[in-house]
Undergrad: 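First the structure, then my questions, so here it is.
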Amino acid sequence: MYGIAWTLDKIYSRIRSGKFWSTDPDDYFDLVAWHPYQMSTCQDKREADLFLHIEEPDYLWKDYNDAAYRVMCKYGDAEKQVILTETGFTDCGDPKLEKMQAEYTRKLLQLAGELPYVRTIYNFRLLTETGMLEKQGIEKNQIGGRAEVYFGFFEEPHKNCRPRLKAYVLQEAAGGNEDLAAAGKKVALLRKRS
């Protein structure tokens with residue numbers, strides 16, 4: 001995951017090279033975004049699933065985000081804000097994994113709160129997408145198969161947009177207090193009417 005910092009350094013280096021229309025990063029972008037995936041550091045699992053065999057977010061996750069920010073600072077962009085895009089965990093519909101990964105979500109949000117350069121986090125995705133499992137040739141039509149379906153914070157409208165455990169974690173982190181189950185039902189009802 002330190003490849004994020006490496007790639008960002010290459011981008012800044014090319015901008016500063018003088019080979020393009022401007023050497024000022026501000027002429028190219030106002031903020032920076034990257035996918036801060038949580039990965040496994042276990043190298044002994046050759047058949048490990050990219051989405052399921054992950055470890056609890058810790059200071060290694062924080063450090064590879066900090067490493068990318070250090071590159072921004074190196075090129076004079078310390079004031080630019082960062083969007084952490086496509087964070088989240090899948091559980092393949094397994095209740096035990098759902099509980100564990102709700103706690104991973106909590107830990108990731110806590111760690112992200114320690115990153116003063118982060119403007120916001122995009123949690124991938126709002127709803128589960130079980131319809132993807134019904135596509136013919138599913139193994140060829142999407143990246144993660146069954147794992148890809150269960151990143152959602154809420155179930156789909158036909159299940160009344162029931163909040164999943166990580167939805168409550170996100171709500172707590174954001175300081176919300178609305179009844180998520182009632183809100184989900186309301187959204188599902190609106191969807192049915194449209």
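Keep in mind that this is a model prediction, so the values were computed, not measured. The first residue in the sequence is number 1, and the count goes up from there.
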Undergrad: Mind checking side chain to side chain donor-acceptor pair (under 3.5 Å) for Gln171 and listing every partner two or more places apart, or none if nothing turns up?
TA: none
Undergrad: Looking only at heavy atoms, which two atoms of Ile4 and Pro36 are closest? And how far apart?
TA: CD1-CA, 4.5 Å
Undergrad: Is there any salt bridge (charged side-chain N to carboxylate O under 4.0 Å, His left out) pair reaching into residues 168-194, and which pairs are they, with sequence neighbours excluded?
TA: Arg106-Glu172
Undergrad: If you look only at pairs with a residue in residues 73-83, which of them pass as a salt bridge (charged side-chain N to carboxylate O under 4.0 Å, His left out), with sequence neighbours excluded?
TA: Asp9-Lys74, Asp26-Lys80, Asp77-Lys80
Undergrad: Could you tell me whether a side-chain N or O of Glu98 sits under 3.5 Å from a main-chain N or O of Leu165, the two making a donor and an acceptor?
TA: yes
Undergrad: Please, which pairs that meet salt bridge (charged side-chain N to carboxylate O under 4.0 Å, His left out) have at least one residue in residues 58-68, sequence neighbours excluded?
TA: Lys62-Asp66, Asp63-Arg70
Undergrad: Could you work out, with side chain to side chain donor-acceptor pair (under 3.5 Å) as the rule, every residue matching Arg162, not counting sequence neighbours?
TA: Glu155
Undergrad: Just jot down the side-chain contact (heavy atoms from CB on, under 4.5 Å) partners of Arg14, sequence neighbours excluded, or say none.
TA: Phe20
Undergrad: Looking at Arg125 and Glu86, would you say the former's side chain and the latter's main chain have a donor-acceptor pair under 3.5 Å?
TA: no
Undergrad: Which residues satisfy the side-chain contact (heavy atoms from CB on, under 4.5 Å) test with Ile121, sequence neighbours excluded?
TA: Leu84, Thr87, Leu109, Ala112, Val118, Asn123
Undergrad: Give the cluster check for Tyr117 versus Leu31: same hydrophobic cluster or not, with ILVMFWY residues linked at side-chain heavy-atom distances below 4.5 Å.
TA: no
Undergrad: Under the salt bridge (charged side-chain N to carboxylate O under 4.0 Å, His left out) definition, can you give me all pairs with a residue in residues 108-123, not counting sequence neighbours?
TA: none
Undergrad: State which residues pass side chain to side chain donor-acceptor pair (under 3.5 Å) with Ser22; sequence neighbours excluded, sorted by chain then number.
TA: Asp27
Undergrad: With sequence neighbours left out, what residues match Lys10 under salt bridge (charged side-chain N to carboxylate O under 4.0 Å, His left out)?
TA: none
Undergrad: Asn177: which residues meet the side-chain contact (heavy atoms from CB on, under 4.5 Å) condition with it, sequence neighbours left out?
TA: none
Undergrad: Would a line drawn from the ring center of Tyr12 to the ring center of Tyr28 be shorter than 6.0 Å?
TA: no
Undergrad: Check the side chains of Thr90 and Gln101 for a donor-acceptor pair under 3.5 angstrom, ignoring hydrogens and angles.
TA: no
Undergrad: How far apart are the closest heavy atoms of Pro163 and Tyr168, and which atoms are they?
TA: CG-OH, 3.1 Å
Undergrad: Which residues pass the side chain to side chain donor-acceptor pair (under 3.5 Å) test with Tyr69, sequence neighbours left out?
TA: none
